[in-house]
2 protein chains.
Amino acid sequence: MGVVDIAREAGVSTATVSRVLNGAESVTGATREHVLEVVARLGYTPNAFAASLRKGRNDAIGIAVASISQPWHVKLIRELRRAIREQGFTTIVYDLEHSESVLIEHTESARRLRLAGMVLATGDRIDGDEVRAALDRMAGTVPLVVIGQELPGAGWTTVAFDDVAASEQAILELLGRRPKPVLFLGEAASSYLSEERRIGVERALSQFPDLLAGSELVALDAGMDFSVGYREVQARAGALARFGTIFCVNDELALGACRALSELGVRVPEDMMVIGYGDVDMLPYLTPSLSSLSGDVGGVAERVVRALLARIEGGHVDVGPKLQRKIVHRESTGG
Amino acid sequence: MGVVDIAREAGVSTATVSRVLNGAESVTGATREHVLEVVARLGYTPNAFAASLRKGRNDAIGIAVASISQPWHVKLIRELRRAIREQGFTTIVYDLEHSESVLIEHTESARRLRLAGMVLATGDRIDGDEVRAALDRMAGTVPLVVIGQELPGAGWTTVAFDDVAASEQAILELLGRRPKPVLFLGEAASSYLSEERRIGVERALSQFPDLLAGSELVALDAGMDFSVGYREVQARAGALARFGTIFCVNDELALGACRALSELGVRVPEDMMVIGYGDVDMLPYLTPSLSSLSGDVGGVAERVVRALLARIEGGHVDVGPKLQRKIVHRESTGG
DNA sequence: CTGAAAGCGCTTACAG
DNA sequence: CTGAAAGCGCTTACAG
């Protein structure tokens, strides 16, 4: 069943049916009522493919995140959807599952679907040859905004937090509370995000050479969930006394670390301070409650959408300086 | 740029281009190579709308979940995607945000997109007049499988856990460990899932009238996240001594409850046992680690896909009896 | 193995 | 305000 069936039944042309269904102002009230009645009676739903094909555009914007298992990304999706919907677009969520090949697949899908735009949020590096080529290719036809990492000469807009500064600032503040070496748990080279945060930590520590010497900056290769934080701390059971702080690149690692400390009888924060990144919703409800570096997700979403709209209209927009994070102290850093 | 441009450049017909791009076997090796070279050189990507319109079908299956903020649903999405992809379909995720109007919108979207099928996973009731009508309407053209709740006379297949039995069984087991009244934290009438679990709890308690009398079965109206579990336990600070167990309809509530108990100086599990539902990944890493009623998500996904394929092919399939849950004891119930 | 041509179901300039 | 007709970009029976 299509417009022609509705048109025939209603005794009008397909043009009129289309106008009614698309809310054109020109249609007479009576005609509109009649057509709508027929549509309802016959249970007709327009074919989105035919409409998009004819219109030559799609009103959907893709949101691709590194992993929907990470609460921070879910929070971001929520905010982005809200902001995007306000602009009259629909959204479609892609889960990259931290995989380059999945990302590449999705760039293809975005091209085939002629998406109006795409938002990419990942801490995983996107500067590998294949990934970079796929993104460039996509960005040629689908306006793109990337959250989190800046690439030289990229044909897209970047919105990011200043994680180097945030990490440096946080470490300085924690060293003020307890001037002891730091155990940093981050990801290996595949993570852009970990790299930035590590640099900030190093920068702060380098002001205190003896503390830097005693610190350990771990580059994990095993993902960043609870179990990894747990395992890494357990693995250092005998060597924990020399550290004053465990600084984790996300909240999940911090949670796992706390569990290990608890099993080892290391008190948080008396013997060891612990802090994560992202400030996800559950942190205040943990025991001990977890400190974290918090960022304004709504602010990110707002900037992303502004930048995307500008690109969709063929223009550019200055998204301003990198966003600042702030440290949220809870029990795990002494409140 | 379209097939015609590729055809012209390659000196073949559009039919041949289409065949090459769709992997038809009939095309000569040389022709295939040549066409692919032109496609790559011109950076051509087929238009998905045109293809779907012409084919008259869409190979995408929708996955609609009550909320992507709930880890259990994220786990389910993962498993479903894997299973669906194996069958050659793509997936598209819908977040219902626990909203009836969003669900109704998505049923419309599914119809317009001529989805090959739809999976709906929600604990929120779907038997309200409007929602039920929207689902019936959708199920008329889009094969549907619902996870979790059974509706009489529905035109779709249901895959569910036996939560009544699981709850009853769990309570009996916990009463064996500590024969004291139970504080049950569940949602109000809008939640089908809470209702089932409450019934199981009541069924177990009714074998011990004095324990039933001392128990409290709370029907919350405020969602089911960490903060709610926390608040409800705090609100009963003076009355906790009479309970032996806090039984929560999800793990998030249980986590919040534990935090409140910790602040109140109530020891878990010595003074109070706590258990949740879903067995999400973080539970072993909490302090205390949280017990939970676990279900085989992979098993659900496998049945759902089997049922969906049968419906897509116009048939039916017996998905078998409801799935069983098992209780996973961790520190919060005494290990 | 390959091509010419029809047609999927819409929307929109154009004409009245 | 409304209609006749073209055309969006594919795929596929049909013919050779």
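Convention: sequence-line order gives letters A, B, ...; per-chain numbering from 1.
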Applied to residues 108-121 of chain B, the side-chain hydrogen bond (donor to acceptor under 3.5 Å, both in side chains) test, sequence neighbours excluded, yields T45(A)-R111(B), Y94(B)-S109(B), E108(B)-R137(B)
T14(A) meets the side chain to side chain donor-acceptor pair (under 3.5 Å) criterion, sequence neighbours left out, with none
When rounded to whole Å, the CG to C1' distance for the pair L21(A) and dT11(C) reads 12 Å
Sorted by chain and number, sequence neighbours left out, side chain to side chain donor-acceptor pair (under 3.5 Å) with R19(B) holds for none
Separation of dT11(D) atom P from D59(B) atom CG, nearest Å, is 12 Å
L53(B) CG to dT11(D) P, in whole Å, measures 11 Å
Sorted by chain and number, sequence neighbours left out, ring pair (Phe, Tyr, Trp, His ring centres under 6.0 Å) with H98(A) holds for none
request  = For V4(A), report the nucleic acid contact type (base, sugar-phosphate, nothing); a contact means any heavy atom under 4.0 Å.
outcome  = nothing
Between CG of N47(B) and P of dG7(D) the distance, given in whole Å, is 18 Å
- Query: So, the side chain of E97(A) versus the backbone of S67(A): is there a donor-acceptor pair under 3.5 Å, distance only?
  - Reply: no
note: N58(B), atom CG; dG9(C), atom P; distance rounded to Å ~ 15 Å
Residue set satisfying side-chain contact (heavy atoms from CB on, under 4.5 Å) with E150(A), at least two apart, ordered chain then number -> T158(A), Y192(A), K322(A)
Stems with DNA chain C, 3 or more Watson-Crick or G-U pairs in a row (under 3.5 Å), are C:1-3 with D:14-16, C:5-12 with D:5-12, C:14-16 with D:1-3
Sorted by chain and number, sequence neighbours left out, salt bridge (Lys or Arg N to Asp or Glu O under 4.0 Å) with R306(B) holds for E302(B)
Worksheet item: Looking across every strand, which nucleic acid part, if any, lies under 4.0 Å from V17(A) by heavy atom: base, sugar-phosphate, or nothing?
Response: nothing
Look for any protein N or O under 3.5 Å of an N or O in nucleotides 12-15 of chain C and output each such pair with its distance, or none.
unit_1  : atom_1 : unit_2 : atom_2 : d
dT12(C) : O4'    : R54(A) : NH2    : 3.0
dA13(C) : N6     : R19(A) : NH2    : 3.2

Salt bridge (charged side-chain N to carboxylate O under 4.0 Å, His left out) evaluation trace for E79(B) with K75(B):
CA-CA 6 Å; E79(B) 295 290 337; K75(B) 215 163 152 178; over 6 Å; no
Taken to the nearest whole Å, CD1/I6(B) to P/dG3(C) is 15 Å
Assign each of A50(A) and V27(B) the nucleotide of DNA chain C bearing its closest heavy atom; nearer the 5' end lies the nucleotide of V27(B)
Contacts satisfying side-chain hydrogen bond (donor to acceptor under 3.5 Å, both in side chains) that involve residues 26-38 of chain B (not counting sequence neighbours) are E37(B)-R41(B)
Sorted by chain and residue number, the side-chain contact (heavy atoms from CB on, under 4.5 Å) partners of R57(A) (sequence neighbours excluded) come out as K55(A), D59(A)
- Query: Without hydrogens or angle criteria, can the side chains of S191(B) and R125(B) be said to hold a donor-acceptor pair below 3.5 Å?
  - Reply: no
With sequence neighbours left out, the residues meeting side chain to side chain donor-acceptor pair (under 3.5 Å) with S190(A) are none
note: M1(B), atom CE; dG9(D), atom P; distance rounded to Å ~ 11 Å
Between CZ of R111(B) and P of dC10(C) the distance, given in whole Å, is 12 Å
### Query
Which part of the nucleic acid, if any, lies within contact of V3(A), taking any heavy atom under 4.0 Å across all strands shown: a base, the sugar-phosphate backbone alone, or nothing?
base
So, with a heavy-atom separation below 4.0 Å from DNA chain D, the residues of residues 28-38 of chain B are none
Over all strands shown, is G56(A) touching base, sugar-phosphate only, or nothing at heavy-atom distances under 4.0 angstrom? nothing
Next on the checklist: Roughly how many Å apart are dT12(D) and dG16(D), using the C1' atom of each and rounding to a whole number?
Outcome noted: 16 Å
